[in-house]
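Take a look at the structure set out below.
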Amino acid sequence: MTGVRAGALLVVGDVVTDVVARHRTPLAPATDTAAAIVTLPGGAGANVACWAARSGARDVRILARVGADAAAEQHERALRAAGVRPHLVVDPEVPTGTVICLVGADGERTFLTDSGAVERLSPADWSDGFLTGVGHLHLSGYLFFAEASRRSAQVAMEAARARSVPVSVDPASAGFIARLGVDRFLEAVAGADVLLPNGDEAALLTGLPDPADAAAKLSRQFPLVVATQGARGALIAASGAVTARVPGRAASAVDTTGAGDAFTGAFLASRLAGHDPVTSAHRGCRAGAEAVTRIGARPDGGGGAGGGIDSG
């Protein structure tokens with residue numbers, strides 16, 4: 001099943017605090033490197049939800065786990081301001097996750113990740129009632145890299161499939177997939193209807209360096225594969241073959257953080273509106289191009305610059 005039926009978008013994923021450090025010169029070991037630093041709300045799952053709402057999805061919800069700290073309240077406010085209905089489970093023992101995003105002069109980013117409460121999402125946090133009125137379930141790949149959150153994601157997927165609700169997965173991190181193991185990851189996400197890897201993730205998951213070959217191979221395991229390629233756009237594959245190549249949109253990148261999340265959010269919003277995968281990928285590329293022109297991973301109104309968490 002590759003279609004998305006009418007209804008709400010439910011994201012089960014991660015809500016974290018992003019500390020974005022933009023440095024114009026290479027990092028200088030053992031001394032100072034000047035940088036512009038801002039603290040903003042982030043998390044792949046939360047970013048997808050905000051971009052979906054920005055892209056026209058009328059009912060967007062998110063289930064995630066946060067710490068019992070001041071950031072949790074700020075995250076809830078930012079999500080609501082973005083048009084997302086949050087269900088944030090408060091973990092009494094560990095803090096909200098934090099990601100340090102190092103952004104170079106070319107806009108490319110490197111992450112230092114402390115997952116915090118993200119990896120402690122528990123099957124007990126899930127209720128089948130979350131699927132009431134839901135037309136599509138999206139799972140952030142970061143959930144699959146720890147035992148508790150991986151099981152939670154699988155419980156949510158099983159519940160969705162029992163109700164014939166389509167499921168998509170964003171693999172999220174080539175580095176974390178390598179640490180977990182490709183076979184374990186593919187086994188954990190088996191049963192998803194849509195896989196949305198980037199080029200590095202697709203290559204790692206298949207062992208094939210050519211993006212088209214990798215997307216085609218993955219589509220033998222998942223009914224629909226939408227492989228993003230940054231500025232080069234996206235590949236759509238089904239039944240073992242690439243069926244469409246969607247070009248990227250020109251943009252002057254200042255920060256690539258969250259570009260893939262923007263693509264996914266806009267893609268899913270378009271699918272919920274009844275559009276085909278090609279049209280939806282075009283809309284995803286447009287959102288991704290917009291995302292790289294901004295600081296942070298959210299759209300305007302979604303906790304972006306000027307509206308995020310105060311770093312003071």
Exercise for review: Please step through side-chain hydrogen bond (donor to acceptor under 3.5 Å, both in side chains) for the pair S280 and H275, ending with a clear verdict.
Suggested key: CA-CA 6 Å; S280 300; H275 298 293; over 6 Å; no
Exercise for review: With the side chain counted from C-beta on, respond yes when L195 and Q221 share a heavy-atom pair under 4.5 Å apart, and no when they do not.
Suggested key: no
Review point. Hydrophobic clusters join Ile, Leu, Val, Met, Phe, Trp and Tyr when side-chain heavy atoms are under 4.5 Å apart, directly or via other members; which others share one with V242?
Key: L235
Check your understanding: Can V99 be reached from W51 by stepping across I, L, V, M, F, W or Y side chains whose heavy atoms are under 4.5 Å apart?
Key -> no
For residues 255-269, please give each side-chain donor-acceptor pair under 3.5 Å, one per line with the distance, not counting sequence neighbours.
from, atom 1, to, atom 2, distance (Å)
D255, OD1, T257, N, 2.9
D255, OD1, T257, OG1, 2.6
D255, OD2, G296, N, 2.9
T256, OG1, G107, O, 3.0
D261, OD2, N47, ND2, 3.0
T264, OG1, G260, O, 3.1

Point to revise | Minimum-distance pair of heavy atoms, taken over all atoms of A203 and A214 | key: N-CB, 4.3 Å
Review point. Has E108 got more than 12 heavy atoms of other residues, nucleotides or ligands less than 6.0 Å from its CD?
Key: yes
Check your understanding: Is the number of heavy atoms from other residues, nucleotides or ligands within 6.0 Å of CG (D106) greater than 12?
Key -> yes
Review point. Are L218 and P197 side-chain neighbours, meaning at least one heavy-atom pair lies under 4.5 Å?
Key: yes
Point to revise | With E147 via salt bridge (Lys or Arg N to Asp or Glu O under 4.0 Å) - residues at least two apart | key: R150
Review point. Donor-acceptor pair, S152 side chain versus L121 backbone, under 3.5 Å?
Key: yes
Check your understanding: Any side-chain heavy-atom pair from P277 and V226 closer than 4.5 angstrom?
Key -> no
